[in-house]
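We name chains A, B, ... by the order of the sequence lines, and we start the count at 1 in each one. Any value given below was found using the heavy atoms of this structure, including those in side chains, with hydrogens, waters and symmetry copies removed.
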Amino acid sequence: MASKDIYFIPEPSKWPIVASLALFSTFIGGAMTLNQSSNGKYVLILGAIGIIYMFAGWFSSVISESLAGNYNKQVDVSFRMGMGWFILSEVMFFAAFFGALFYARVLSVPWLSGEGHGVATHQFLWPAFKASWPMSVMPNSTNYTAYKDTIPAFGVPAVNTLLLLSSGVTVTLAHWALKKGQRTQLCAWLFATVALGALFVYFQAGEYHHAYTELNLKLSSGVYGSTFFMLTGFHGFHVTMGAVMLAVILFRSLKGHFTKNDHFAFEAVAWYWHFVDVVWLGLFIFVYWL
Amino acid sequence: MSTKAHADHDHHDHKPTGIKRWLFSTNHKDIGTMYLVFSLIMFFIGGSMAMIIRAELFQPGLQFVDPQFYNSMVTVHALVMIFGAIMPAGVGLANWMIPIMIGAPDMALPRMNNMSFWIMPFAFALLLGTFFMEGGAPAGGWTMYPPLVLQTGKAFPFLIFAVHFLGISSIMGAINIIATVFNMRAPGMTLMRLPLFVWTWVITAFLLIASMPVLAGAVTMLLTDKYFGTSFFNAAGGGDPVLFQHIFWFFGHPEVYILILPAFGIISQIIPTFARKPLFGYASMVYATASIAILSFFVWAHHMFTVGLPINGELFFMYATMLIAVPTGVKVFNWVATMWKGAMTFETPMLFALAFVILFTIGGFSGLMLGITPVDFQYHDTYFVVAHFHYVLLTGAVFALMASAYYWLPKWTGHMYDEKLAKIHFWLSAIFANVLFFPQHFLGLAGMPRRIPDYSVQFADFNMVSSLGGFAYGISQLLFVYIVIKCVLGGKKATGQVWEGARGLEWTLSSPPPYHSFTKSPKVTKALMDY
């Protein structure tokens with residue numbers, strides 16, 4: 001056992017370089033694919049496999065170090081800070097897309113119809129354009145996809161809001177159970193959380209399908225479609241990742257990991273889950289509802 | 001990995017050997033060294049591009065390169081210098097110095113630390129590889145404004161992914177620094193006893209975490225606009241190319257403070273050492289740095305005064321920009337006041353620091369001029385802007401980095417560098433940097449546009465002077481490499497203290513410090529900083 005008053009410095013590790021190589025391969029493969037190179041997808045898949053291998057390997061060494069009792073309170077605080085600030089960086093990533101949404105709604109679309117200082121733009125470019133949101137008619141839709149309708153807030157999105165909010169409750173119940181040492185309840189509530197998350201993703205995928213096939217609402221549907229799909233798409237991706245992380249935590253709980261006082265990984269994933277929850281509330285209000 | 005093996009790791013001073021020591025490193029000093037060497041290499045790669053630019057501008061007319069390649073040079077020079085030279089140099093210094101300045105055994109998250117470094121060479125492989133692609137390297141300017149940047153050829157997705165990749169590296173590095181400073185300080189190292197270099201880096205790290213993801217978002221929108229039919233930046237679909245500029249500069253302005261704040265920290269370490277007096281106004285330095293950082297999120301549109309913003313917006317951003325001069329003035333005042341009645345000596349680090357104070361202030365003043373909306377209408381996109389940001393970035397950030405290299409080289413290598421050669425390096429740099437950039441003020445005021453490979457004949461003389469200064473500056477940097485190599489290989493043995501007037505934990509260790517700096521936390525008292 002390591003002495004608890006020594007800050008744990010890990011031995012030299014291959015994982016960072018594996019991670020860099022895997023990301024490198026992913027990015028090259030992605031770029032090649034976008035450049036229509038037929039080999040791109042193989043490089044991309046290789047990179048993706050590398051990333052999965054890296055995560056599995058890196059986290060399993062962290063988990064075994066943790067189980068071996070190498071981490072003291074101070075190491076735990078470092079991890080907490082790391083996760084917290086990582087979530088802030090994610091918040092800022094979403095902020096860029098929310099910023100684009102607000103800018104389009106409040107400024108660029110009204111300007112294009114001649115409001116404020118957009119008088120000349122309107123007259124010279126598209127004098128027939130009238131601002132509206134959702135923007136049903138684009139200034140010039142030659143290269144874009146006109147859509148029939150948008151997805152109303154109080155249908156599936158409202159159900160999804162309920163699903164995610166309840167999953168926030170279930171993950172908290174799981175946490176309470178863990179703190180009381182009730183493993184069965186912990187696993188049950190975690191399972192419920194994963195299930196709610198998966199259900200959310202399933203409904204969201206259904207909505208996308210509906211939008212693409214029936215509403216003709218696509219990524220290329222002007223700035224409405226762009227902001228709609230990029231915001232909900234990145235959020236959906238984060239929910240998927242969060243659900244995978246929760247599933248890992250569930251698996252570890254079943255294996256008997258985590259103690260009443262020592263379960264940082266659980267808390268980190270729970271924070272992450274609350275974060276995607278909060279982002280969804282923003283989406284529900286600003287993308288679907290208002 | 002076995003857990004038993006490293007259970008008592010910290011008790012012995014073994015280190016891995018060969019290539020594995022570097023590839024798999026979890027040691028803050030080794031990672032710091034890799035960062036510093038990498039940034040020096042990138043400094044010369046970016047520098048050679050600058051040489052090509054100055055060669056082309058030596059005379060009016062097109063002589064050496066075609067305009068497309070010239071534009072690539074301008075674009076990639078900026079990206080390499082910002083993301084490849086100055087930022088990694090700052091992170092390298094942070095890696096090397098922060099743990100030993102605060103009495104920590106290492107960085108808080110050592111493996112992640114290594115990942116943030118090893119991303120860098122791969123990210124630049126992505127970026128520099130574009131020179132060999134159909135359509136050439138990116139040529140739309142480092143600011144990547146649409147719609148121009150969307151005309152980039154096969155290089156486009158590589159450019160975008162390189163930016164994503166570098167962003168991942170910066171964010172991980174920043175998280176590590178914050179966790180290290182807030183969690184790893186030795187007992188007694190209170191926040192208001194932190195060396196200023198540590199303070200400026202912590203604040204820089206916050207800027208990185210808050211701004212890099214925004215850049216990632218912006219370039220992601222560029223990517224989808226080009227390949228997936230979105231219309232964020234296309235008015236035909238309801239978007240706006242100006243939106244990109246807003247998002248970009250929301251990142252971009254904090255970014256310029258990311259480049260300069262660590263430099264402020266370095267100068268605040270060096271001036272007290274060679275003036276043999278404590279830093280004047282320590283607390284006000286901390287608050288000034290924090291104010292600059294906070295304000296940096298509210299001034300972005302001063303980069304876009306001429307794109308047609310509503311007048312209220314222009315006024316707001318003008319006044320907000322002027323406000324930044326206040327905390328910056330506090331800093332400059334404090335540096336000067338630190339020297340007041342000090343027992344000064346002028347070793348090379350101090351010379352670079354003094355040049356920094358003077359030349360950075362010149363760059364700051366031209367920045368103020370550019371920040372005045374009506375005046376900027378004339379200066380925008382001229383060589384005056386080029387002169388301004390090279391004064392703050394070259395004679396500012398790079399001079400501070402040079403100062404830090406001379407200041408800490410004896411600590412890192414255990415040898416004193418060659419003072420005589422270093423002084424020659426300083427004078428060559430200081431003189432030729434001014435020959436290089438000062439005439440560009442005049443060129444800009446007279447209306448010479450930036451990012452154009454040709455110019456009208458009335459600009460010929462000043463351009464020739466500027467180019468000659470550029471070549472001389474470039475060549476004199478080779479001297480720096482020689483001095484560094486000479487110092488690494490040998491030279492007068494350095495003591496632990498190195499500089500008579502230096503204060504702080506890093507000087508209590510031997511030079512070079514042991515592989516694991518503080519295996520037991522040192523006790524920090526106020527006396528440590530006293531003169």
- Message: Working to the nearest 0.5 angstrom, can you tell me the gap between A/Leu219 CG and B/Phe228 CZ?
- Response: 8.0 Å

- Name the member of B/Gly238, B/Gly229, B/Gly217 that forms the most heavy-atom pairs with chain A at distances under 4.5 Å. B/Gly238

- Residue A/Leu23 versus chain B: region with a heavy atom under 4.5 Å: both

- Max heavy-atom pair count under 4.5 Å with chain B, selected residue of A/Phe79, A/Phe86, A/Trp58, A/Tyr224: A/Trp58

- Message: Do A/Ile28 and B/Leu126 make a side-chain contact, defined as non-hydrogen atoms from C-beta onward lying under 4.5 Å apart?
- Response: yes

- Item | Toward chain A, the part of B/Ile171 with a non-hydrogen atom under 4.5 Å | side chain

- Region of B/Ile247 that comes under 4.5 Å of a non-hydrogen atom in chain A: side chain

- Note on the structure: Residue pairs meeting ring pair (Phe, Tyr, Trp, His ring centres under 6.0 Å), one or both in residues 103-128 of chain A, sequence neighbours left out, come to A/Tyr103-B/His246, A/Trp111-A/His117

- Message: Distance check, rounded to the nearest 0.5 Å: A/Leu112 atom CG versus B/Asp240 atom CG?
- Response: 7.0 Å

- Item | Spatial distance of atom CG (A/Asn140) from atom CG (B/Asn234) [nearest 0.5 Å] | 8.5 Å

- Relative to chain A, which of B/Asp225, B/Thr224, B/Thr230, B/Leu23 shows the most heavy atom pairs under 4.5 Å? B/Thr230

- Query: For B/Lys154, does its backbone N or O pair with a side-chain atom of A/Asn35 as donor and acceptor, under 3.5 Å?
  - Reply: yes

- Check each atom of B/Leu223 against the heavy atoms of chain A and say whether the ones under 4.5 Å are side chain, backbone, both or neither. side chain

- Taking the side chain as C-beta and beyond, is there a heavy-atom pair between A/Trp85 and B/Met172 under 4.5 Å? no

- Task: Heavy-atom distances under 4.5 Å only: say whether A/Phe234 touches chain B with side chain, backbone, both or neither.
- Result: side chain

- Message: I'd like to check A/Glu11 versus B/Phe24 (side-chain heavy atoms, cut-off strictly below 4.5 Å). Are they in contact?
- Response: no

- Could you state the interatomic distance from CE (A/Met81) to CG (B/Asn176), rounded to the nearest 0.5 Å? 12.0 Å

- Message: Only pairs of heavy atoms separated by less than 4.5 Å count here; which of B/Ala218, B/Gly239, B/Pro121 has the most with chain A?
- Response: B/Gly239

- Donor-acceptor contact present, side-chain B/Thr26 to main-chain A/Pro10, <3.5 Å: yes

- Answer key: most heavy-atom pairs under 4.5 Å with chain B among A/Phe229, A/Phe129, A/Phe93 is A/Phe93

- The interface call for A/Ser37 against chain B, heavy-atom contacts under 4.5 Å, is neither

- At their closest point, which heavy atom of B/Val214 faces which heavy atom of A/Ala96, and how far apart are they? O-CB, 4.0 Å

- Scored by heavy-atom pairs under 4.5 Å with chain A, the best of B/Pro213, B/Ala236, B/Ala179 is B/Ala236

- Item | Residue part contacting chain B, namely of A/Ala100, when any heavy atom lies under 4.5 Å | both

- Query: Mind checking whether B/Asn183 and A/Gln74 have side chains closer than 4.5 Å, heavy atoms only?
  - Reply: yes

- Task: Sort out for me which of B/Phe206, B/Phe251, B/Phe156, B/Phe250 touches chain A most, counting heavy-atom pairs under 4.5 Å.
- Result: B/Phe206

- Residue-level contacts of residues 161-170 of chain B with chain A, using a heavy-atom cutoff under 4.5 Å: B/Phe161, B/His164, B/Phe165, B/Ile168

- Query: Which atom pair, heavy atoms only, marks the closest approach of A/Val223 to B/Ser231?
  - Reply: N-OG, 3.1 Å

- Task: Quick one: closest heavy-atom pair of B/Met184 and A/Ser78, and the distance?
- Result: SD-OG, 4.3 Å

- Value rounded to 0.5 Å, distance of CD1 in A/Ile9 from NE2 in B/His28: 8.5 Å

- Query: Is it the side chain or the backbone of A/Phe24 that comes within 4.5 Å of chain B heavy atoms, both, or neither?
  - Reply: both

- For chain B, which of A/Ser20, A/Ala19, A/Gly222, A/Ser113 has the most heavy-atom pairs under 4.5 Å? A/Ser20

- Would you mind telling me which of B/Ala210, B/Ala216, B/Ser25 has the largest number of heavy-atom pairs within less than 4.5 Å of chain A? B/Ala210

- Message: Could you check whether A/Glu65 pairs with B/Arg111 (Lys NZ or Arg NE/NH1/NH2 to Asp/Glu carboxylate O, under 4.0 Å)?
- Response: yes

- B/Tyr227, part contacting chain A, at a heavy-atom distance under 4.5 Å: side chain

- side chain to side chain donor-acceptor pair (under 3.5 Å) between B/Asp106 and A/Tyr7, intermediate numbers included: CA-CA 9 Å; B/Asp106 204 295; A/Tyr7 191 89; over 6 Å; no

- Would the number of heavy atoms belonging to other residues, nucleotides or ligands and lying under 6.0 Å from CZ of A/Phe102 be above 12? yes

- Task: Check whether more than 12 heavy atoms from other residues, nucleotides or ligands sit under 6.0 Å from atom CZ of B/Phe182, and answer yes or no.
- Result: yes

- Message: Using side-chain contact (heavy atoms from CB on, under 4.5 Å), reason through A/Met230 and B/Thr220 one step at a time and then give a plain yes or no.
- Response: CA-CA 10 Å; A/Met230 290 298 271; B/Thr220 305; 3.9 Å; yes

- When rounded to the nearest 0.5 angstrom, what distance separates OG in A/Ser25 from CZ in B/Phe122? 10.5 Å

- Message: Looking at every heavy atom in both A/Pro139 and B/Ala235, which two are closest together, and how far apart are they?
- Response: CG-O, 3.3 Å

- Message: So for B/Phe244, is it side chain, backbone, both, or neither that comes closer than 4.5 Å to the heavy atoms of chain A?
- Response: neither

